[in-house]
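What follows is a short report on a single structure.
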Amino acid sequence: SLEIGSSGDTITIPSGATLTNNGTATGFGVSDPLSFQAYRSGNLAVSETTQTELVFNAEVTDPSSKYDTSTGRYTPGVAGTYFVKANVTFDPSGNQGASHSMYLKIRKSGSGTTEYGQISFKGTSGQDVGLSTGAVIELGASDYISCWWYNSEQSGNILSVQSWFSGFRIG
């Protein structure tokens with residue numbers, strides 16, 4: 001049962017919401033979830049010693065159409081707190097020495113000084129390497145987020161399907 005309070009209480013119902021006398025209610029949830037999940041539909045060749053903004057060119061979900069599959073940028077257009085996560089599997093073109101590194105990071109509005117969730121790896125014997133990172137980021141109405149990749153020694157491929165980027169608004 002639904003108890004409203006004392007007789008004469010005022011209740012504000014969101015526009016588009018309905019409340020019926022049988023105890024059902026609709027329209028009280030999040031009408032615009034501001035979430036996305038994108039992935040690579042094919043391998044992405046990346047060069048060594050070059051910071052590369054990664055473009056996840058296919059979507060699993062993007063109900064608000066805020067993720068751009070041509071730029072790899074998520075621009076929600078609403079100020080708030082967002083949780084974002086990225087995963088990349090890298091196939092190096094050869095062995096990578098122990099003194100050389102690769103990293104995956106999330107940047108706010110492309111800035112090299114506003115970076116989140118950086119994770120790195122040093123040295124490998126030529127096998128695929130998976131890196132995963134996440135962050136809680138405060139965004140303004142005009143901010144965007146994107147993922148960046150760097151490898152100090154080897155070119156290679158960001159592997160399709162095993163590489164994805166996702167996020168949602170938490171507050």
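Worth knowing before you read on, the calculation uses all heavy atoms, side chains too, and leaves out hydrogens, waters and symmetry mates. Position 1 is the first residue of the sequence, and the numbers go up from there. Every value quoted in this text rests on a predicted model; they were computed, and no experiment measured them.
The structure places CG of Leu34 at 16.0 Å from OH of Tyr67, a figure rounded to the nearest 0.5 Å. A distance of 7.5 Å separates CG in Asp91 from CG in Asn43, rounded to the nearest 0.5 Å. Atom OG of residue Ser47 and atom CG of residue Asn151 lie 10.0 Å apart, to the nearest 0.5 angstrom. From Asp68, atom CG reaches atom CZ of Phe36 across 11.5 Å, with rounding to the nearest 0.5 Å. Of the inter-residue distances, the one linking Phe56 atom CZ with Ser146 atom OG reads 9.5 Å to the nearest 0.5 angstrom. Atom CG of Leu44 and atom CG of Asn157 lie 7.5 Å apart (nearest 0.5 Å).
Looking at Leu54, Val88, Ile145 one by one, the single match for side-chain contact (heavy atoms from CB on, under 4.5 Å) with Phe165 turns out to be Ile145. Of the candidates Leu104, Asn87, Thr89, Ser132 forms a side-chain contact (heavy atoms from CB on, under 4.5 Å) with just one, namely Asn87.
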* To do: Starting from the C-alpha separation in whole Å, work towards a yes-or-no answer on side-chain contact (heavy atoms from CB on, under 4.5 Å) for Thr75 and Lys66.
  => CA-CA 5 Å; Thr75 311; Lys66 304 292 184 176; 5.7 Å; no
* To do: Might you work through the side-chain contact (heavy atoms from CB on, under 4.5 Å) test for Leu159 and Phe90, ending with a clear yes or no?
  => CA-CA 6 Å; Leu159 298 180; Phe90 177 67; over 6 Å; no
* To do: Would you sort out whether Arg107 and Glu115 count as a side-chain contact (heavy atoms from CB on, under 4.5 Å), showing the intermediate values?
  => CA-CA 4 Å; Arg107 284 187 177 167; Glu115 298 175 336; 2.8 Å; yes
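Criterion: ILVMFWY side-chain heavy atoms under 4.5 Å apart, direct or through other members. Under it, Tyr144 and Trp149 are not part of a common hydrophobic cluster. The hydrophobic clustering, which links ILVMFWY residues whose side-chain heavy atoms are closer than 4.5 Å, places Tyr116 and Val84 together.
In this model, no donor atom of one side chain and acceptor atom of the other lie less than 3.5 Å apart for Gln37 and Thr61.
Note on Arg73 versus Glu53: salt bridge recorded, some NZ/NE/NH1/NH2 to OD/OE distance being below 4.0 Å.
Closest of all the heavy-atom pairs between Asp128 and Pro92 is CA-CD, 4.4 Å. What you find for Ala86 and Cys147 is that their closest heavy atoms are CB-SG, 3.5 Å. Scanning both residues, Ser109 and Asp143, for their nearest heavy atoms gives OG-OD1, 3.1 Å.
Trp148 places none of its side-chain heavy atoms less than 4.5 Å from the side chain of Ile106.
Not counting sequence neighbours, the partners of Phe83 by the ring pair (Phe, Tyr, Trp, His ring centres under 6.0 Å) test are Phe168.
Legend: salt bridge (Lys or Arg N to Asp or Glu O under 4.0 Å) pairs involving residues 35-45, not counting sequence neighbours: none detected.
Within the hydrophobic cluster formed by Ile, Leu, Val, Met, Phe, Trp and Tyr side chains joined at under 4.5 Å, directly or through other members, Tyr39 is accompanied by Val60, Trp164.
Using bins of under 30°, 30° to 60° and over 60° for the plane-to-plane angle, the ring pair Tyr74/Tyr82 lands in the perpendicular bin.
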